[in-house]
Amino acid sequence: MSRDSAGRSFRARSQPVSTDQDTLEQIWRAIAAIPSGQVDSYGGVASRAGLPRRARLVGYALKVAPRELNLPWHRVLNASGRISFPEGTRLYSLQRRKLAAEGVRFEGGRVRCKGPDDPSSLDRVLWGPPASSS
DNA sequence: AGGATGACAGTGT
DNA sequence: AACACTGCCATCC
């Protein structure tokens with residue numbers, strides 16, 4: 001860990017940045033791997049794709065993703081557990097509807113329970129389908 | 001070439 | 001909890 005002139009900490013990149021087609025496909029695969037009824041954050045997707053700190057790139061990858069891939073794009077939320085589209089837009093309601101169809105419950109504007117980034121729950125995402133009442 | 005703008009995130013105040 | 005700031009990276013003026 002290092003610090004810049006303003007005192008903020010940061011991790012140096014251990015790998016050269018690449019934004020070629022392979023990188024995009026890697027991200028798309030990570031998104032496709034999110035199980036139905038579960039959600040992940042942009043940063044989480046980036047990490048699982050082997051691209052830590054590249055959350056913004058995930059947003060770009062989603063934007064340019066070919067429709068034929070049929071990616072579960074609606075399962076990707078921002079780090080605060082919220083939908084990243086402005087409320088009231090068509091995409092917002094579409095995403096919210098798709099999530100609801102998979103049993104993802106909302107509380108106010110955010111998904112229930114912890115944040116999608118919580119490392120302890122990445123594997124057994126707790127806010128999953130309510131159908132599996134354990 | 002340089003600044004603004006995003007389907008973002010982390011840290012500090 | 002909300003805001004400001006910065007890192008981040010591709011696009012679009």
Side-chain angles (χ1 to χ4, degrees):
Chain A
M1 195 88 88
S2 322
R3 290 197 175 261
D4 64 12
S5 51
R8 286 170 288 95
S9 61
F10 66 94
R11 301 191 294 278
R13 280 201 300 268
S14 53
Q15 250 176 240
V17 288
S18 69
T19 4
D20 51 25
Q21 189 70 13
D22 289 338
T23 303
L24 291 180
E25 290 176 358
Q26 213 170 333
I27 294 175
W28 293 334
R29 274 194 294 277
I31 294 169
I34 307 175
S36 172
Q38 299 184 186
V39 297
D40 200 354
S41 66
Y42 292 86
V45 169
S47 293
R48 286 192 298 100
L51 302 163
R53 283 273 189 180
R54 304 292 150 70
R56 209 143 195 175
L57 191 54
V58 172
Y60 172 71
L62 273 171
K63 187 155 136 178
V64 301
R67 264 220 334 249
E68 305 83 70
L69 289 182
N70 286 319
L71 290 180
W73 57 269
H74 55 282
R75 298 179 192 144
V76 184
L77 307 173
N78 65 31
S80 48
R82 302 171 149 288
I83 288 176
S84 280
F85 298 111
E87 197 170 350
T89 62
R90 199 182 145 297
L91 280 170
Y92 176 94
S93 41
L94 176 59
Q95 182 166 10
R96 176 106 182 218
R97 196 166 66 237
K98 280 174 165 289
L99 287 173
E102 295 182 355
V104 176
R105 289 157 48 196
F106 274 75
E107 190 169 80
R110 8 163 54 213
V111 287
R112 263 189 179 290
C113 304
K114 312 174 174 179
D117 253 350
D118 196 289
S120 63
S121 49
L122 268 183
D123 293 311
R124 48 183 298 269
V125 190
L126 305 178
W127 55 87
S132 63
S133 57
S134 51

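Chain A is the first sequence line, chain B the second, and so forth, proteins listed ahead of strands; every chain is numbered from 1.
Scored by the side chain to side chain contact (heavy atoms under 4.5 Å, CB included) test, A:Pro86 finds A:Thr89 as partners (sequence neighbours excluded). Residues passing the side-chain hydrogen bond (donor to acceptor under 3.5 Å, both in side chains) test with A:Arg82: none are found, sequence neighbours excluded. In this structure A:Ala55 satisfies the side chain to side chain contact (heavy atoms under 4.5 Å, CB included) test together with A:Tyr42, sequence neighbours excluded. With sequence neighbours excluded, no residue satisfies side chain to side chain contact (heavy atoms under 4.5 Å, CB included) with A:Lys63.
With both ends at atom P, the span from B:dA7 to C:dT6 equals 22 Å, rounded to whole Å.
Distance, A:Tyr42 OH to C:dC9 P: 18 Å, rounded to whole Å. Look at CG on A:Leu77: it is 14 Å from C1' on B:dA9, rounded to the nearest Å. One atom, CZ of A:Arg110, and another, P of C:dA2, lie 9 Å apart when rounded to the nearest Å. Summarising the geometry, the separation between OH on A:Tyr60 and C1' on C:dC12 is reported as 12 Å, rounded to the nearest angstrom. A:Ile27 has its CD1 atom 16 Å from the P atom of B:dA7, to the nearest Å. With rounding to whole Å, A:Leu62 atom CG is found 15 Å from C:dT11 atom P. In this structure, A:Leu51 atom CG and B:dA9 atom C1' are separated by 15 Å, rounded to whole Å. For A:Leu71 and B:dA7, the CG to P distance is 17 Å, given to the nearest whole Å.
Side-chain proximity of A:Lys63 to the nucleotides C:dC9, B:dA7, B:dA9 is greatest for B:dA7. With B:dC8, C:dC9, B:dA7 as the choices, the nucleotide that has an atom nearest any side-chain atom of A:Leu57 turns out to be C:dC9.
When each of A:Leu51, A:Ile27, A:Leu24 is tested with A:Val58 by the rule side chain to side chain contact (heavy atoms under 4.5 Å, CB included), just one qualifies, namely A:Ile27.
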Per-residue pairing states of DNA chain B in dot-bracket (Watson-Crick or G-U under 3.5 Å; . unpaired, | other strand) read .|||||.||||||

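Look at A:Arg54 and you'll find a side-chain N or O under 4.0 angstrom from OP1 or OP2 of C:dC9.
Proximity of A:Leu77 to A:Ile83: side-chain heavy atoms (C-beta onward) are separated by under 4.5 Å at one or more points.
Pairs of residues two or more places apart, or lying in two chains, that qualify as side-chain hydrogen bond (donor to acceptor under 3.5 Å, both in side chains) and include a residue from residues 64-75 of chain A are A:His74-A:Glu102, A:Arg75-A:Glu102.
Between the side chain of A:Arg56 and the base of B:dG6 there is at least one donor-acceptor pair of N/O atoms closer than 3.5 Å.
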